[in-house]
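Let me begin by presenting the structure, written as structure tokens, before commenting on it.
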2 protein chains.
Amino acid sequence: MAVDREQVLRAAASLLMRKSSATMDEVARAAGISRATLNRQFAGRDALVRALEELGIAECEAAVARAVIDDGPAADAVRRLVQELEPVARQLAFLYSENQLFEGDKQNAGWARLDARLVALFRRGQEAGEFRIDLSPVWLTEALYGLLVSAAWAVCEGRVAPKDLSSNVTELLLGGALRTQK
Amino acid sequence: MAVDREQVLRAAASLLMRKSSATMDEVARAAGISRATLNRQFAGRDALVRALEELGIAECEAAVARAVIDDGPAADAVRRLVQELEPVARQLAFLYSENQLFEGDKQNAGWARLDARLVALFRRGQEAGEFRIDLSPVWLTEALYGLLVSAAWAVCEGRVAPKDLSSNVTELLLGGALRTQK
DNA sequence: TCATTCTGAGACACTGATGTCTCATTTGAG
DNA sequence: CTCAAATGAGACATCAGTGTCTCAGAATGA
């Protein structure tokens, strides 16, 4: 028995990303368990979404850790980061559209921690002369999230090849669309 | 009397962007009308969202037309486009998270028309040697949407100044985060 | 083997949103 | 002013989703 809690969360994320209005019954069926068991694991839909958020944050933080973003050139750090973040992109896309998470006044502090890490990375790149200074680190952080989510959607709809996801995000974020002579 | 249908739609968009789970009653109150009248104007929540989508598409197409994206350098066309698209960004952000719109098999053809226009713009830029060719026009289009939505969110949460929205999107999309010698 | 624990299926009541209706009131045109 | 049209407020039934419960059956471990 022993329901694999994490597997349930992954199935839920996968379904909810495509259909955020999915029923608890649909979520349960997608996870291969019964609605009763789903309710035993997560006390209500809200708790499920919160757990999803918690898992997403944890995986993002793990990705940040693996990418060792404080070492070496900031541009390379961004490349590693996006690479590591790629598997989390789908879940991020769901959480991104779940703005219910951000309207309460008890937002998960994990996002602030993550933001701080990324903002620090971009600021480091600016201070090292790698990144332009007319775009604020906060905006660059938001843009990174946004591009990641957009790319996940595009892949999900078959408009972009999965293998191109990470390079697309990285190249656009760092280099932009214009041709430049480096 | 004569309820201003468009004003109702704008109020609904403004509310639904922040709280996509808002009740029809809340929407009505936000628009300054009664729930009965709201239901007289839009037969059900679904019809309301569809009308919102229709309005969003129309405004985007109007913005595209005003930006005359087929004239002059593609980069300048993108700048004009983002400038014109800025007022629609909030509504776009709502529609972007309303993935219910895209799961049915009767998607609004307006999106395809818009996509085609933008894809053509980026392709033109590539053929003119302005844009790099290792990022597909489809991806650049998705990235434009994504950055616009991210920026709208960032502004909405006070992380980015409203006046910087358009330049942030344009600069990042075209030039990227790296410092380059042009 | 037995006992414990967990699961699945179904039934149940409850809640909240929705759509519809009525009726008094207000608005605006003629 | 007069009247038709539209609005607001409220009541109402309906419905889908939810959370809880029970019970039988399966899995697990001693």
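Chain naming here is simple, since letters A, B, ... match the order of the sequence lines and numbering starts at 1 in each.
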Practice item. Evaluate the side-chain proximity of A:Ile69 to A:Val78: yes if any heavy-atom separation is below 4.5 Å, no if none is. Key: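 No - every pair of side-chain heavy atoms lies 4.5 Å or more apart.
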Practice item. Look at the side chain of A:Arg35 and the base of C:dG8, then say whether one donor and one acceptor between them are separated by less than 3.5 Å. Key: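 Such a pair does not exist between side chain and base.
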Could you state the [atom1]-[atom2] distance from [X] to [N], rounded to the nearest angstrom?
X	N	atom1	atom2	value
B:Glu26	C:dG16	CD	P	13 Å
A:Ile33	C:dG10	CD1	P	16 Å
B:Leu38	D:dA9	CG	C1'	15 Å
A:Asn39	C:dC12	CG	P	19 Å
B:Asp25	D:dA11	CG	P	13 Å
B:Arg40	D:dT7	CZ	P	7 Å
A:Leu48	D:dG19	CG	C1'	14 Å
B:Phe42	C:dA17	CZ	C1'	19 Å

Check your understanding: Salt-bridged, B:Asp25 to B:Arg29, with N to O below 4.0 Å?
Key ->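 So B:Asp25 pairs with B:Arg29 through a salt bridge.
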Review point. Between A:Glu6 and A:Arg10, is the closest basic N to carboxylate O distance under 4.0 Å?
Key: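 A salt bridge is present here (some side-chain N lies under 4.0 Å from a carboxylate O).
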Review point. Where do A:Arg50 and A:Glu53 land on the salt bridge (Lys or Arg N to Asp or Glu O under 4.0 Å) test, with the steps shown first?
Key: CA-CA 5 Å; A:Arg50 294 290 169 183; A:Glu53 182 183 34; 3.6 Å; yes
Point to revise | Nearest-nucleotide comparison on DNA chain D, the residue closer to the 5′ end among A:Ser21 and A:Ala36 | key: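 Whichever sits nearer the 5' end wins; that is A:Ser21.
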Review point. Has A:Thr37 got a side-chain N or O lying under 4.0 Å from the OP1 or OP2 atom of C:dG8?
Key: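 Checking A:Thr37 against C:dG8: at least one side-chain N or O falls below 4.0 Å of OP1 or OP2.
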Review point. Distance check: side-chain N/O of B:Thr23 vs OP1/OP2 of C:dA17, anything under 4.0 Å?
Key: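 Looking at the OP1 and OP2 atoms of C:dA17, one of them is under 4.0 Å from a side-chain N or O of B:Thr23.
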Review point. So A:Trp111 and A:Tyr145, would you call those rings parallel, tilted or perpendicular, with 30° and 60° as cut-offs?
Key: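 Judged by the thresholds at 30° and 60°, the geometry between A:Trp111 and A:Tyr145 is perpendicular.
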Check your understanding: A:Ser34 or B:Ala43: which one's nearest nucleotide on DNA chain C is closer to the 5' end?
Key ->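 Closest to the 5' end, via its nearest nucleotide, is A:Ser34.
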Check your understanding: Looking for any heavy atom pair under 4.0 Å, which part of the strands does A:Arg45 touch: base, sugar-phosphate only, or nothing?
Key ->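 The residue A:Arg45 makes sugar-phosphate contact but no base contact.
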